[in-house]
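Structure record follows, encoded as structure tokens.
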There are 2 protein chains.
Amino acid sequence: MAARMSDPLAPQSVGVDKLLLKLRVRDDVSALEEEVLRSIIEPPVAIASRSVVVKEGIPLERSALLVQGMLGRCKDMRDGQRQITEVHVPGDFADLHSFTLKRLDQDVVALNDCWISWVPHAALRAVTDTQPHLGRLLWLSTNLDAAIHRAWTVSLGRRDAPARLAHLLCELQVRLSVVGMADEDGYALPLTQVDLAECLGLTAVHVNRVLRQLREQGLATFRSGRVTIEDFKGLRRLAEFSTDYLFLDKRPR
Amino acid sequence: MAARMSDPLAPQSVGVDKLLLKLRVRDDVSALEEEVLRSIIEPPVAIASRSVVVKEGIPLERSALLVQGMLGRCKDMRDGQRQITEVHVPGDFADLHSFTLKRLDQDVVALNDCWISWVPHAALRAVTDTQPHLGRLLWLSTNLDAAIHRAWTVSLGRRDAPARLAHLLCELQVRLSVVGMADEDGYALPLTQVDLAECLGLTAVHVNRVLRQLREQGLATFRSGRVTIEDFKGLRRLAEFSTDYLFLDKRPR
DNA sequence: CGTACTATTGAGTCCGTTCAAACGGGGTGG
DNA sequence: CCACCCCGTTTGAACGGACTCAATAGTACG
């Protein structure tokens, strides 16, 4: 596994840092809570691109915090088709829901070379026992995933291919901004057109055509692993995108 | 509101009972925990068909437990299209995620005449403070919703219309069985073909054609508010349906 | 320097749509 | 009591967005 990683140096604590960035957009996290979080998160380990991080159905006793790279939740169909139901960015837990569910309904796979930190469920249980506010923040984090699922459901059900692709590009722009990994111009997106197709319920051939449309309309460009946003407002309008479902405001929980 | 309800008698405590059925499929609930749950759930109130129970974006301080009828989470698009992202059956919380998120990203609407019980967020916070195991069970309940969202995402992305419809009919059969509202023959489904279309990302016209297909293939019939399952195995095979994502096994959380 | 994966483009097909019309049942008001 | 209307359902015909099949480049890697 991980014969040759793009970045051979293990990022030391950036995983927790990005998680904290994500949580602090939504609520205050005290110094004590930060300390507790840091204490339960194991050192990052390298994951090779395309490997299965967590297999569907296996009993689990830990959850994965993504430190670097991108993970996807994938469902494979009998006929070889595949649907990705969420793309994870650094600072996300890829399978925090397994803390209550104890196994996954879908695989978690590495979309490129990644670093992840494991967090034992026993430690999470202790958090819910002794740090109820922090526990609610972790609960919140799984509810954000669910909100993203709902947004994708709406996209798949009611948006045509260009709007669907534009919506995904907008979502990633905002989510990566929260953890400091996007600027106004765009962001690194280490996916193939096949991956995008598997997120969007389309074929790779059609994703290619739709990418060309967005490019020719001066909205966005995706080339060699980088998304360049040329006209965010236009992209947003095309996708009927709103940040509401990402809950970027701070309220006491 | 609620000028004339199909059942004028308020169901007294069946809401909690169905919630307990649902939770006890997944984990043990102690007598004390049951008592705590009963104590925080308000008496049922009637909700008229088609009314908006919770509006997107409004600050919330309580969540709705569905006692009778069916609720849907709906997203309306600019052009008048609508996508339903989840259908709720009795025993479900329709918006328990608002406990951590404090507002909704989508409306909750009554698909027919309903009874719901409100649960104050203050009481839920007390549960997470003093009954951590019960708190984890409520967290579990929102994670089940997320698993259902993912299954719908897969349906919308990768199944054709007949398989998609069959999958929804299978899912409701199982979820209603858990709360004692379905038998092997089928179940009451108080939705219109328009509602089904809004769940499935299809048009009502096409839902009608696909329903005819399922009927002519001897798989299932939907008429006058009732689904009759003629061949569950066939339906299941067509939909590539598995109960895995509904987490029907009991494990300690 | 072959091999495999990714991206790109064209041509033809099909599933689900749009547009349109008709039917049926239940409630309402003249 | 009947006429009317509304809503949900049903069916037909034509359209179109996304797919399939196919072929070609480009690129990374062993």
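Just so we're on the same page: letters track the sequence lines, and every chain starts at 1.
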Under 3.5 Å donor-acceptor, [X] side chain and [Y] backbone:
X        : Y        : value
B:Thr228 : B:Ala220 : no
B:Asp107 : B:Val109 : no
B:Asn112 : B:Pro190 : no
A:Arg73  : A:Glu86  : no
B:Ser117 : B:Glu42  : yes
A:Arg175 : A:Val87  : yes
B:Asp244 : A:Asp105 : no

Next on the checklist: Please confirm whether the ring centroid of A:Tyr245 lies under 6.0 Å from the ring centroid of B:His97.
Outcome noted: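 Aromatic pair excluded; centres sit 6.0 Å or further apart.
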Separation of [X] atom [atom1] from [N] atom [atom2], in whole Å?
X        : N      : atom1 : atom2 : answer
B:Leu191 : D:dC7  : CG    : P     : 18 Å
A:Leu189 : C:dA7  : CG    : P     : 11 Å
A:Leu200 : D:dC19 : CG    : P     : 10 Å
A:Asp195 : C:dA7  : CG    : C1'   : 13 Å
A:Glu198 : C:dC5  : CD    : P     : 14 Å
A:Asn112 : C:dC5  : CG    : P     : 18 Å
A:Gln213 : D:dA18 : CD    : C1'   : 11 Å
A:Arg50  : C:dT6  : CZ    : C1'   : 11 Å

Quick test: give all pairs of protein nitrogen or oxygen and nucleotides 25-28 of chain D nitrogen or oxygen below 3.5 Å, distance rounded to 0.1 Å.
none

Mind listing the N/O atom pairs, protein and nucleotides 15-19 of chain C, below 3.5 Å?
{"residue": "C:dG16", "atom": "OP1", "partner": "B:Ala161", "partner atom": "N", "Å": "2.8"}
{"residue": "C:dT17", "atom": "OP1", "partner": "B:Thr203", "partner atom": "N", "Å": "3.0"}
{"residue": "C:dT17", "atom": "OP2", "partner": "B:Thr203", "partner atom": "N", "Å": "3.3"}
{"residue": "C:dT17", "atom": "OP2", "partner": "B:Thr203", "partner atom": "OG1", "Å": "2.9"}
{"residue": "C:dT18", "atom": "O4", "partner": "B:Arg209", "partner atom": "NH2", "Å": "3.3"}

Item to check | Distance below 4.0 Å between A:Asn208 side-chain N/O and C:dT8 OP1 or OP2 | outcome: yes
Next on the checklist: On the nucleotide D:dC7, are OP1 or OP2 found under 4.0 Å from the side-chain N or O atoms that B:Gln193 carries?
Outcome noted: no
Checklist entry - Under 6.0 Å from the CZ atom of A:Arg50, do we count more than 12 heavy atoms belonging to anything else shown? => result yes
